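Worksheet: one structure, shown below.
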Amino acid sequence: QVQVVESGGGLMQAGGSLRLSCAASGRTFVSYAMAWYRQAPGKGREFVARITWTDGSTYYSDSVKGRFTISRDNAKNTVYLQMNSLKPKDTAVYYCAAAGPNYYDTGEYDYWGQGTQVTVSS
């Protein structure tokens with residue numbers, strides 16, 4: 001069984017920074033890509049950023065580009081999201097997702113975490 005566990009959420013004032021972490025664990029699981037999504041109250045789940053394991057390529061939504069940075073630690077099967085210049089509209093539950101070898105065929109994520117709350121006050 002694969003577990004995806006996020007940490008690092010909390011309350012921050014606008015303009016501040018937070019760093020989220022996400023670890024994927026499982027006896028035989030190897031990540032091919034990991035991503036962050038978020039869901040604000042009353043809204044659907046929104047893509048934030050993703051990183052691939054083979055070459056470390058990254059992709060961001062326009063809403064966070066230039067403010068958020070996704071990075072990875074291959075040895076720990078862990079991904080990070082450094083969030084700077086936070087805005088109240090960044091308030092959401094942030095979910096981490098991990099993809100296995102089918103990622104390059106389907107673009108889909110196989111495992112999801114429970115989410116971590118990020119609240120940005122004005």
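Keep in mind that the numbers below use all heavy atoms, side chains included, and drop hydrogens, waters and symmetry copies. Quantities reported herein were computed from a predicted structural model and do not represent experimental measurements. Position 1 is the first residue of the sequence; numbering continues from there.
Summarising the geometry, atom CZ belonging to Phe68 is positioned 14.5 Å from atom OG1 belonging to Thr58; distances are rounded to the nearest 0.5 Å. Of the inter-residue distances, the one linking Met12 atom CE with Asn84 atom CG reads 10.5 Å to the nearest 0.5 angstrom. Summarising the geometry, atom OH belonging to Tyr94 is positioned 15.0 Å from atom OG belonging to Ser7; distances are rounded to the nearest 0.5 Å. To the nearest 0.5 angstrom, Met83 atom CE is 11.5 Å from Ile70 atom CD1.
Note on ring orientation: taking the six-membered ring where Trp is involved, the planes of Phe47 and Tyr37 are perpendicular (angle over 60°, cut-offs 30° and 60°). Between Tyr109 and Tyr103, the ring planes lie tilted relative to each other; the angle falls in the 30° to 60° range.
Formation of a donor-acceptor pair under 3.5 Å by the Arg67 side chain with backbone atoms of Ser85 is found in this model. With hydrogens and angles ignored, the 3.5 Å screen pairs a side-chain donor or acceptor of Thr78 with a backbone N or O of Lys76. Between the Asp90 side chain and the Lys87 main chain, a donor and an acceptor come within less than 3.5 Å of each other. For the pair Gln39 (side chain) and Gly44 (backbone), a donor-acceptor distance under 3.5 Å is absent. Here the side chain of Thr106 pairs a donor or acceptor atom with the backbone of Glu108 at under 3.5 angstrom. Between the side chain of Asn77 and the backbone N or O of Ser25 there is no donor-acceptor pair closer than 3.5 Å.
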Stepwise, does the side chain to side chain contact (heavy atoms under 4.5 Å, CB included) test hold for Glu6 with Trp36? CA-CA 10 Å; Glu6 306 98 336; Trp36 289 96; 3.8 Å; yes
List the steps and the verdict of side chain to side chain contact (heavy atoms under 4.5 Å, CB included) for Asn102 and Tyr32. CA-CA 8 Å; Asn102 292 330; Tyr32 281 70; over 6 Å; no
Could you give me the CA-CA distance, side-chain angles and deciding distance for Gln82 and Ser17, then say whether side chain to side chain contact (heavy atoms under 4.5 Å, CB included) is met? CA-CA 7 Å; Gln82 178 67 42; Ser17 298; 3.9 Å; yes
Show your reasoning for whether side chain to side chain donor-acceptor pair (under 3.5 Å) applies to Thr116 and Tyr95. CA-CA 7 Å; Thr116 185; Tyr95 296 91; over 6 Å; no
Any chance you could lay out the side chain to side chain contact (heavy atoms under 4.5 Å, CB included) test for Ser63 and Arg38, step after step, and finish with the verdict? CA-CA 12 Å; Ser63 60; Arg38 67 187 182 185; 3.4 Å; yes
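If you check the side chains of Ser57 and Thr52, you find a donor sitting under 3.5 Å from an acceptor.
Between Val2 and Asp110 the shortest side-chain heavy-atom distance does not fall below 4.5 Å. By the 4.5 Å heavy-atom criterion applied to side chains, Cys22 and Met34 are counted as neighbours.
Here Lys65 pairs with Asp62 in a salt bridge; the nearest charged N to carboxylate O distance falls below 4.0 Å.
A 6.0 Å sphere centred on CD of Gln117 holds more than 12 heavy atoms belonging to other residues, nucleotides or ligands. Within a 6.0 Å radius of CD in Gln114, other residues, nucleotides and ligands contribute 12 heavy atoms or fewer. With a 6.0 Å radius and a threshold of 12 heavy atoms from other residues, nucleotides or ligands, Tyr59 has its OH atom at or below the threshold.
Heavy atoms only, all atoms of each residue included: Pro88 and Ser122 are closest at CG-CB, 3.9 Å. When every heavy atom of Gly9 is checked against every heavy atom of Val118, the shortest pair comes out as CA-CG2, 4.1 Å.
Taking the centre and axis of the six-membered ring of Tyr80, the NZ or CZ atom of Arg19 falls inside the cone set by 45° and 6.0 Å.
Hydrophobic clustering places Tyr60 together with Leu20 (ILVMFWY residues linked when any side-chain heavy atoms are closer than 4.5 Å, directly or through intermediates). Residue Leu81 is not grouped with residue Val4 when hydrophobic side chains (ILVMFWY) are merged at heavy-atom distances under 4.5 angstrom, including chains of intermediate members. Under a hydrophobic-cluster definition in which Ile, Leu, Val, Met, Phe, Trp and Tyr are linked whenever side-chain heavy atoms come within less than 4.5 Å, directly or via other members, Leu86 and Val93 are assigned to different clusters. Using a 4.5 Å cut-off between side-chain heavy atoms of Ile, Leu, Val, Met, Phe, Trp and Tyr, with links allowed through other members, Val30 and Trp112 fall into the same hydrophobic cluster.
Partners of Lys43 under the side chain to side chain donor-acceptor pair (under 3.5 Å) rule, at least two apart in sequence or in another chain, do not exist in this structure.
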